[in-house]
Enquirer: 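First, the structure itself, so that you have it in front of you.
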Amino acid sequence: MGYFSLVLSLPSLLSSRIEAVTGVDPELRPATKPQFGHFQSNVALRLAKTEGKPPRQVAARIVDDLDLEDLCEPIDIAGPGFINLRLKSEVLARSVTEQLADPAVGVSQTARPEVVVVDYSAPNVAKQMHVGHLRSSIIGDCLTRVLTAVGHHVIPQNHVGDWGTQFGMLVEQIVTDGTDVSSLTLADAEALYTKANAHFKADEDFATRARQRVVSLQSGDPETRKIWQQLIDVSLAGFNQAYQRLGVLLTDDHLAGESTYNDDLEAVVADLEANGTAVTDDGALCVFVEGFNSPMIVRKRDGGFGYSATDLAAIRRRVREFGATRLIYVVGAPQSFHFDQVFAVARKVGFLPDNVSAEHVAFGQVLGADGRKFSTREGTAVTLDSLLDAAEEKAAPAIALAAIKYADLSNGLNKDYVFDVDRMVATIGNTGPYLQYAHARVTQVLRKAEADGLTSQDTVTVLPEPAEQTLALLLCRFGEIVAEVSETLQPHKLCAYLYELAGALSIFYEQCPVLKSEGEVRTSRLALCLGTKRVLASGLTMLGIEALDRM
RNA sequence: GCCCCCAUAGCUCAGGGGAUAGAGCAAAGGUUUCCUAAACCUUGUGUCGCAGGUUCGAAUCCUGCUGGGGGCGCCA
């Protein structure tokens with residue numbers, strides 16, 4: 001057997017070997033059933049038409065030309081012409097052994113590293129975070145971790161809502177009441193917000209002063225700015241507390257609120273006008289883009305800027321100053337139209353060159369137990385803290401958090417899902433705690449092994465049992481899965497993989513005694529345990545879930 | 001009116017044009033002198049919303065419907 005590196009991952013190695021013969025991507029997939037081996041390709045069926053030969057004949061020709069003797073058992077042609085591959089046991093063993101020696105646990109660095117901006121969380125100043133922010137924060141954090149793991153330079157951006165007409169009324173309310181902002185909590189600030197809103201509607205005189213406040217704020221009036229800044233400070237303290245509780249990566253370094261684009265807005269307008277894309281219509285500065293039945297309003301009739309303007313400014317900065325070539329927005333599905341339009345306008349005006357991609361990762365709503373929009377009895381949005389509290393009533397904090405995050409990530413992102421605490425914290429079934437348990441249990445085996453002086457855990461040599469082979473096979477697919485998620489931005493694929501891995505570990509655990517076995521079998525199984533633990537830990541970390549050593 | 005998303009087992013959901021459409025939950029039964037039973041094993045369930053079309057082959061692609069959710073010029 002000649003030397004070959006498996007570091008690239010076994011599936012891609014097989015794939016490239018087959019492509020060398022077929023000339024097209026063999027679309028190698030994990031076998032759908034154990035009796036079909038480890039991997040299957042339908043390439044012969046697809047080639048049959050162009051070659052004008054029966055699929056099985058094409059398959060036979062491919063298999064004849066194929067040189068996989070060093071990796072696979074003799075190749076089967078099955079059914080209408082599927083090519084089924086079964087890896088040699090020693091190849092699988094070696095693959096796991098190499099993964100054990102790899103600090104990246106088999107996750108390879110991308111060949112084309114990019115500067116990627118991930119825009120997520122985006123809470124509003126003077127408001128508590130609610131379910132929508134929970135989803136954005138969890139998903140964005142996961143994407144940040146995955147993209148970083150494959151070697152991209154990720155710049156998280158927290159596009160905090162800190163600049164708009166609502167701050168006029170808020171500041172005016174504070175001035176009217178003589179409130180000491182620095183002593184407020186975020187919940188207090190939100191109550192103040194509600195009060196100001198009602199005041200604004202009921203009192204025309206107050207409303208007028210509130211509008212003047214907006215002008216004062218934007219023109220830099222010191223007193224107004226001071227109060228505004230105090231509101232931000234109070235809010236940030238609350239956000240950071242929430243981030244800490246959630247265990248997400250966001251820090252003050254990633255803050256880039258709407259206000260930070262204020263000075264860029266005139267330049268954005270100038271670019272739009274110079275480019276000829278913006279026109280004044282009904283007093284507002286608009287951009288009409290083909291395919292959209294309504295224009296994007298950049299500047300309102302009253303001269304104020306809407307959020308389209310700050311979003312354009314953000315794109316401009318992210319591309320020109322950060323050098324980003326991929327922009328990712330983790331924002332709820334209702335904003336789809338807005339982002340489609342902003343991206344289209346940004347393309348038209350040249351803020352988004354062809355080599356830069358912009359993606360809206362749209363996520364669905366979190367629904368209440370009744371399947372309707374999740375809100376309190378009073379009809380207000382459910383706060384993030386109250387969700388975490390509810391879960392922590394059922395489980396320890398680390399497990400409760402895992403339950404929530406996994407529930408959020410394990411389904412397709414664009415679907416709504418029901419916030420069902422009991423189902424999420426269950427340790428049976430496809431849940432976060434189940435994965436944590438699998439990790440804790442395999443850790444326990446390794447801990448006992450070390451206590452017994454069994455420290456050799458770095459080489460898998462034999463895989464006599466089917467349960468071991470299944471486990472090894474799954475381990476060697478980890479890198480591919482992570483790479484896929486980094487491209488498609490679908491965390492549920494990583495969840496599904498880890499769940500399958502945890503299940504395979506449980507079966508292995510039932511069927512293959514580790515500490516009670518002996519000699520080479522025991523050494524090999526210990527290494528398999530370590531390999532599984534590392535992949536579980538790595539995968540869970542990418543999901544933002546803590547891999548517990550004990551439960 | 002126009003646009004977007006969704007519809008798969010009783011429930012929650014996977015399914016990247018290919019083999020007999022799969023998991024989990026729920027239900028019933030079983031496994032522990034043995035590394036965490038927070039586990040594992042066994043048992044059944046489908047007009048893949050409807051109707052056409054493309055294809056050797058469609059849950060998957062196209063068109064048209066039905067039903068649910070969301071969005072569509074001065075809030076963000």
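Quick note on labels: first sequence line is chain A, next is B, and so on, each numbered from 1.
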Enquirer: Please produce a list of atom pairs where a protein N or O lies less than 3.5 Å from an N or O of nucleotides 56-62 of chain B.
Expert:
residue	atom	partner	partner atom	Å
B:C56	OP1	A:K49	NZ	3.0

Enquirer: If we ignore angles and hydrogens, is there a donor and acceptor under 3.5 Å between the side chains of A:Y406 and A:N430?
Expert: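 Yes, side-chain donor-acceptor contact under 3.5 Å.
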Enquirer: Could you tell me the separation between the CG atom of A:L548 and the C1' atom of B:U36, rounded to a whole number of Å?
Expert: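 Rounding to the nearest Å, CG of A:L548 and C1' of B:U36 are 13 Å apart.
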Enquirer: What's the gap between B:G22 and B:U45 when it is taken at their C1' atoms, as a whole Å value?
Expert: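 One C1' to the other, the span is 13 Å.
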Enquirer: Ring pair (Phe, Tyr, Trp, His ring centres under 6.0 Å): which pairs involve residues 499-529 of chain A, sequence neighbours left out?
Expert: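 Residue pairs with at least one partner in residues 499-529 of chain A: A:Y434-A:Y499.
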Enquirer: Counting only heavy atoms not in A:E518 (residues, nucleotides, ligands), do more than 12 fall under 6.0 Å from its CD?
Expert: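 No, not enclosed.
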Enquirer: May I have the distance from A:L435 (atom CG) to B:G24 (atom C1'), rounded to whole angstrom?
Expert: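 It works out to 12 Å between those atoms.
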Enquirer: Rounded to whole Å, how long is the line connecting atom CZ of A:F363 with atom C1' of B:C5?
Expert: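 Taking CZ of A:F363 and C1' of B:C5, I get 14 Å after rounding.
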Enquirer: Looking across every strand, which nucleic acid part, if any, lies under 4.0 Å from A:C495 by heavy atom: base, sugar-phosphate, or nothing?
Expert: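 A:C495: no heavy atom of the nucleic acid under 4.0 Å.
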Enquirer: Hey, does the side chain of A:Q444 come within less than 4.0 Å of B:C35's phosphate (OP1/OP2), counting only N and O?
Expert: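 Checking A:Q444 against B:C35: no side-chain N or O falls below 4.0 Å of OP1 or OP2.
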Enquirer: Hey, is A:R61 close enough to A:E51 for a salt bridge, meaning N to O under 4.0 Å?
Expert: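 Yes.
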Enquirer: Taking the C1' atom of each, how far is B:C61 from B:G15, in whole Å?
Expert: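 It comes out at 16 Å once rounded to the nearest Å.
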Enquirer: Taking atom C1' in both B:U8 and B:G71, what distance in whole Å separates the two?
Expert: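 My reading of the C1' atoms in B:U8 and B:G71 gives 27 Å.
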Enquirer: Going by salt bridge (Lys or Arg N to Asp or Glu O under 4.0 Å), name the residues that satisfy it together with A:E290, two or more places apart in sequence or in a different chain.
Expert: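 By the salt bridge (Lys or Arg N to Asp or Glu O under 4.0 Å) rule, A:E290 matches no residue at all.
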Enquirer: Answer yes or no: is there an ion pair linking A:E392 with A:K394, defined by an N-O contact shorter than 4.0 Å?
Expert: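 No.
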Enquirer: Across nucleotides 38-44 of chain B, 5' to 3', mark each nucleotide with B, S or - according to how protein heavy atoms within less than 4.0 Å reach it.
Expert: BBSS---
Enquirer: In whole angstrom, what separates A:L28's CG from B:G16's P?
Expert: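 After rounding, the gap between these two atoms is 17 Å.
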Enquirer: When the distance from CD of A:Q40 to C1' of B:G17 is rounded to whole Å, what number comes out?
Expert: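 So the CD-C1' distance, A:Q40 to B:G17, works out to 14 Å.
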Enquirer: Take A:C512 and A:D340, find for each the nucleotide of RNA chain B with the closest heavy atom, and name the residue whose nucleotide sits nearer the 5' end.
Expert: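 First, find each residue's nearest nucleotide; the 5'-ward one identifies A:D340.
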Enquirer: Please state the P separation for the pair B:C56 and B:G64 - nearest whole angstrom.
Expert: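 Rounded to whole Å, the distance is 24 Å.
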Enquirer: If you look at every strand shown and take non-hydrogen atoms under 4.0 Å, does A:D311 touch a base, only sugar-phosphate, or nothing?
Expert: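 The answer is nothing, as A:D311 stays clear of every strand by at least 4.0 Å.
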Enquirer: Decide yes or no on ring-ring contact (aromatic ring centres under 6.0 Å, His included) for A:Y261 and A:H159, but give the supporting numbers first.
Expert: CA-CA 10 Å; A:Y261 299 101; A:H159 198 79; 5.6 Å; yes
Enquirer: If you measure from the C1' atom in B:A14 to the same atom in B:U36, how many Å do you get, rounded?
Expert: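 Approximately 29 Å lies between the C1' atom of B:A14 and that of B:U36.
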Enquirer: Aromatic rings A:Y307 and A:H338: how do their planes relate, parallel, tilted or perpendicular, breaks at 30° and 60°?
Expert: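 Because their plane-to-plane angle is under 30°, the rings of A:Y307 and A:H338 count as parallel.
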Enquirer: Restricting to nitrogen or oxygen on both sides, can you table the protein-nucleotides 71-76 of chain B pairs closer than 3.5 Å?
Expert:
residue	atom	partner	partner atom	Å
B:C72	O2'	A:N293	OD1	3.4
B:C72	O2'	A:S294	OG	2.9
B:C74	O2	A:R301	N	2.6
B:C74	N4	A:D282	O	2.9
B:C74	N4	A:D282	OD2	2.9
B:C74	N4	A:R301	NH1	3.4
B:A76	O3'	A:E258	OE1	2.9
B:A76	O3'	A:E258	OE2	2.1
B:A76	N6	A:Y307	OH	3.2
B:A76	N1	A:Q335	NE2	3.4

Enquirer: Go along nucleotides 9-15 of chain B 5' to 3' and tag each nucleotide: B for a protein heavy atom under 4.0 Å from its base, S when only backbone or sugar atoms are that close, - otherwise.
Expert: ---SSSS
Enquirer: Taking atom P in both B:A19 and B:G57, what distance in whole Å separates the two?
Expert: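 These two P atoms come out 15 Å apart once rounded.
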Enquirer: Walk me through it: do A:F82 and A:T32 pass the test side chain to side chain contact (heavy atoms under 4.5 Å, CB included)?
Expert: CA-CA 12 Å; A:F82 287 98; A:T32 52; over 6 Å; no
Enquirer: A:L474 CG to B:A23 C1': how many Å, rounded?
Expert: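 It works out to 14 Å between those atoms.
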Enquirer: Just checking A:A362: base, sugar-phosphate only, or nothing, at a heavy-atom cut-off of under 4.0 Å?
Expert: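 Contact class for A:A362: none.
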Enquirer: On RNA chain B, does the nearest nucleotide to A:P30 precede the nearest nucleotide to A:R447 from the 5' side, or the other way round? Give the residue.
Expert: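 Its nearest nucleotide being more 5', the pick is A:P30.
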Enquirer: Would you please name every residue forming a side-chain contact (heavy atoms from CB on, under 4.5 Å) with A:V215, sequence neighbours left out?
Expert: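 Listed in chain order: nothing, the list is empty.
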Enquirer: Return the orientation label for the A:H360 and A:F339 ring planes: parallel under 30°, perpendicular over 60°, tilted otherwise.
Expert: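 A:H360 and A:F339: tilted rings.
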Enquirer: Tell me whether A:E172 is salt-bridged to A:R213, with the criterion being a basic N under 4.0 Å from an acidic carboxylate O.
Expert: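 The answer is yes: the pair qualifies as a salt bridge.
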Enquirer: Is the closest side-chain heavy-atom distance between A:H439 and A:R534 below 4.5 Å?
Expert: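 Counting from C-beta outward, A:H439 and A:R534 never come under 4.5 Å.
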Enquirer: I'd like the C1' distance from B:A27 over to B:A9, given in whole Å.
Expert: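 Pairwise C1' distance, B:A9 against B:A27, rounds to 14 Å.
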Enquirer: Going by salt bridge (Lys or Arg N to Asp or Glu O under 4.0 Å), name the residues that satisfy it together with A:K348, two or more places apart in sequence or in a different chain.
Expert: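 For A:K348, no residue satisfies salt bridge (Lys or Arg N to Asp or Glu O under 4.0 Å) once neighbours in sequence are set aside.
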Enquirer: Just to verify, what does A:D340 make a salt bridge (Lys or Arg N to Asp or Glu O under 4.0 Å) with, not counting sequence neighbours?
Expert: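 For A:D340, no residue satisfies salt bridge (Lys or Arg N to Asp or Glu O under 4.0 Å) once neighbours in sequence are set aside.
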Enquirer: List for me each residue that meets ring-ring contact (aromatic ring centres under 6.0 Å, His included) alongside A:F36, sequence neighbours excluded, and say none if there are none.
Expert: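 If we apply the ring-ring contact (aromatic ring centres under 6.0 Å, His included) test to A:F36, skipping adjacent residues, there are no hits.
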Enquirer: Would a 4.5 Å heavy-atom cut-off, applied to side chains only, mark A:L134 and A:M129 as touching?
Expert: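 No - every pair of side-chain heavy atoms lies 4.5 Å or more apart.
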Enquirer: Checking contacts here: which listed nucleotide (B:A19, B:G16, B:U36) is nearest the side-chain heavy atoms of A:R29?
Expert: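 In terms of side-chain proximity for A:R29, the closest of B:A19, B:G16, B:U36 is B:G16.
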Enquirer: Grab the stems for RNA chain B, please: at least three consecutive Watson-Crick or wobble pairs, both distances below 3.5 Å, written as range with range.
Expert: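 Listed by first number, the stems are B:1-7 with B:66-72, B:10-13 with B:22-25, B:27-31 with B:39-43, B:49-53 with B:61-65.
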Enquirer: Mind checking if A:F36 touches a base, just sugar-phosphate, or nothing, with heavy atoms under 4.0 Å?
Expert: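 Base, at least one base heavy atom under 4.0 Å.
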Enquirer: Quantified in whole Å, what is the P atom distance between nucleotide B:G18 and nucleotide B:U60?
Expert: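 It works out to 11 Å between them.
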Enquirer: Let me know the distance between CG of A:D25 and P of B:G17, rounded to the nearest Å.
Expert: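 About 11 Å, once rounded to whole Å.
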Enquirer: Under 4.0 Å, heavy atoms only, any strand: does A:A438 hit a base, just the sugar-phosphate, or nothing?
Expert: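 Here A:A438 touches no strand at all.
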Enquirer: To the nearest Å, give me how far apart NZ (A:K516) and P (B:U33) are.
Expert: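 It is 12 Å, rounded to the nearest whole Å.
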Enquirer: State which residues pass salt bridge (Lys or Arg N to Asp or Glu O under 4.0 Å) with A:K533; sequence neighbours excluded, sorted by chain then number.
Expert: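 A:D549.
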